[in-house]
Visitor: 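Would you mind keeping the following structure in view while I ask a few things?
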Amino acid sequence: MSGQSRGLLALLDRLTRAFGPQQWWPAESAFEVLVGAVLTQNTAWRNVETAIARLRARDWLSPSAIVNAPVDELRECLRPSGYYNVKTQRLRAACETWLALGGEAGIDAMPTTTARAELLAVRGLGPESVDDVLLYGFHRPVFVVDAYTRRIFSRVGVVPASIGYDDLQAAFEAELPRDAARFNEAHALIVSVGKDYCRPRLPRCSACPLQPACDHGRSQLDGA
DNA sequence: CTCCAGAATT
DNA sequence: AATTCTGGAG
């Protein structure tokens with residue numbers, strides 16, 4: 001035995017000790033989380049900030065403002081976040097449903113599973129975007145998994161690389177206390193290690209806080 | 001599996 | 001210059 005616990009809780013503890021508390025997704029409202037969740041699809045957050053700043057400058061950070069905005073002007077606001085044609089449509093569709101569901105108050109009154117199903121029905125909101133909204137916008141205890149999560153924990157060796165979204169999420173939700181604040185923190189820590197150490201190419205295994213507990217890190221000192 | 005639109009890394 | 005990367009839909 002290596003003596004290293006490879007339970008998810010122990011791995012996340014390791015990240016907490018390495019990185020300390022994170023402050024994450026400081027949006028002013030659940031609706032802003034929705035906007036960010038759509039705009040950040042396949043896109044670095046840096047570019048999302050530029051697009052959100054353009055919306056804010058026009059006072060368009062509300063679902064009614066966005067559905068009423070001229071589509072071509074909306075598209076120009078979103079351009080910096082990439083995929084601006086699809087994201088313009090996705091954001092408009094999400095805003096229409098958001099309003100139809102009774103806005104933030106309406107969604108907040110719904111059970112988590114109902115809210116999740118309603119939001120997933122929007123064309124352009126997949127599981128990760130919806131779970132961002134539920135966790136960061138509505139503080140529901142939903143574990144957000146993403147490409148970082150799959151890469152990190154499959155390299156560590158605790159899940160198969162081919163695991164799907166729902167199964168990966170279920171693995172975390174089964175093993176961790178169902179607590180929104182801790183899910184929030186955990187996701188932020190995962191993003192940190194995924195960006196700075198467990199990168200897609202040339203992972204920095206020797207400096208990675210997970211290295212002592214990681215199959216990949218123990219077998220393959222750095223590089224790829 | 002391809003498209004979508006870019007930025008980051010090599 | 002070429003390749004790779006973060007969601008979701010068709």
Side-chain angles (χ1 to χ4, degrees), chain A residues 15 22 24-25 27 30-55 66 71-98 115-137 142-155 159 161-172 183-184 186-208 216 220 222-224:
Chain A
L15 296 181
Q22 310 285 298
W24 238 63
W25 216 310
F31 178 72
E32 279 195 38
V33 176
L34 173 75
V35 175
V38 171
L39 297 188
T40 201
Q41 290 169 6
N42 263 22
T43 302
W45 183 255
R46 192 173 316 105
N47 306 309
V48 176
E49 288 178 326
T50 309
I52 290 179
R54 288 192 184 188
L55 291 172
I66 286 171
V71 175
D72 53 331
E73 291 181 46
L74 180 59
R75 184 188 299 118
E76 289 314 306
C77 289
L78 304 192
R79 185 179 290 274
S81 70
Y83 302 90
Y84 48 86
N85 288 308
V86 287
K87 286 179 181 176
T88 298
Q89 289 319 120
R90 288 176 183 185
L91 187 55
R92 286 177 54 83
C95 287
E96 280 167 15
T97 298
W98 191 271
R116 193 170 193 271
E118 295 284 1
L119 293 172
L120 275 176
V122 176
R123 179 189 292 232
L125 297 186
E128 185 180 343
S129 303
V130 167
D131 289 340
D132 280 335
V133 172
L134 292 173
L135 178 62
Y136 291 101
V142 167
F143 200 96
V144 178
V145 303
D146 57 9
Y148 295 123
T149 314
R150 184 172 297 102
R151 181 171 69 237
I152 293 163
F153 291 90
S154 65
R155 280 181 178 165
V159 299
S162 58
I163 194 170
Y165 188 98
D166 291 342
D167 287 342
L168 185 52
Q169 179 178 57
F172 277 86
F183 284 180
N184 178 328
H187 186 236
L189 291 165
I190 286 167
V191 171
S192 282
V193 76
K195 272 176 26 192
D196 299 334
Y197 296 92
C198 198
R199 307 180 297 184
R201 288 183 287 172
L202 305 176
R204 294 172 172 154
C205 298
S206 56
C208 179
H216 186 88
Q220 181 155 350
D222 288 314

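The sequence lines fix the lettering, A, B, ..., with proteins before strands; numbering per chain opens at 1.
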Visitor: Name the pairing partner of dA5(B), where a pair is Watson-Crick or G-U wobble with both distances under 3.5 Å, or state none.
Guide: none
Visitor: Judged by atom type as modelled, is there a donor-acceptor pair below 3.5 Å linking the side chain of T40(A) to the main-chain atoms of A37(A)?
Guide: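 No.
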Visitor: Parallel, tilted or perpendicular, judged at 30° and 60°: which one describes the rings of Y136(A) and H187(A)?
Guide: tilted
Visitor: Expressed in whole Å, how much space separates the P atoms belonging to dT6(C) and dT10(B)?
Guide: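 Result for the P pair: 14 Å, nearest Å.
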Visitor: Got a salt bridge between R79(A) and E76(A), using NZ or NE/NH1/NH2 to carboxylate O under 4.0 Å?
Guide: yes
Visitor: Within the structure, does a side-chain N or O atom of S129(A) lie under 4.0 Å from either OP1 or OP2 of dG8(C)?
Guide: yes
Visitor: Check this one for me: any side-chain N or O of R79(A) less than 4.0 Å away from OP1 or OP2 of dG6(B)?
Guide: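 Yes, such a contact exists.
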Visitor: Please determine, for the side chain of A147(A), which listed nucleotide (dG7(C), dT9(B), dA5(B)) has the closest atom?
Guide: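 Within the option list, the nearest is dG7(C).
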Visitor: Have a look at P127(A) and say if it touches a base, only the backbone sugar-phosphate, or nothing, with a 4.0 Å heavy-atom cut-off.
Guide: sugar-phosphate
Visitor: So what does V145(A) touch, heavy atoms closer than 4.0 Å: a base, only the sugar-phosphate, or nothing?
Guide: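 The residue V145(A) makes no contact with any strand.
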Visitor: Measure from the side chain of P200(A), starting at C-beta and using heavy atoms only, and say which of dA5(B), dT6(C), dA9(C) lies closest.
Guide: dT6(C)
Visitor: Look at Y83(A) and dG6(B) and indicate whether a side-chain polar atom (N or O) is within less than 4.0 Å of OP1 or OP2.
Guide: no
Visitor: Using heavy atoms to find the nearest nucleotide of DNA chain B for A44(A) and R90(A) separately, return the residue whose nucleotide is more 5′.
Guide: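 Per heavy-atom nearest nucleotide, the more 5' residue is R90(A).
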Visitor: Taking for each residue the nucleotide of DNA chain C bearing the nearest heavy atom, is the 5' side occupied by R151(A) or by G124(A)?
Guide: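 Checking each residue's closest nucleotide, the 5'-ward one belongs to R151(A).
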Visitor: Under a 3.5 Å limit for both distances, which nucleotide forms a Watson-Crick or G-U wobble pair with dT6(C), could you say?
Guide: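 Checking every strand shown, dT6(C) finds no partner, since no pair has both distances under 3.5 Å.
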Visitor: Tell me if the aromatic rings of F172(A) and F153(A) count as close, with their centers under 6.0 Å from one another.
Guide: yes
Visitor: Any side-chain N or O of R46(A) under 4.0 Å from OP1/OP2 of dA8(B)?
Guide: yes
Visitor: OP1, OP2 of dA5(B) versus side-chain N and O of N85(A): anything below 4.0 Å?
Guide: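 For dA5(B), OP1/OP2 do have a side-chain N/O of N85(A) under 4.0 Å.
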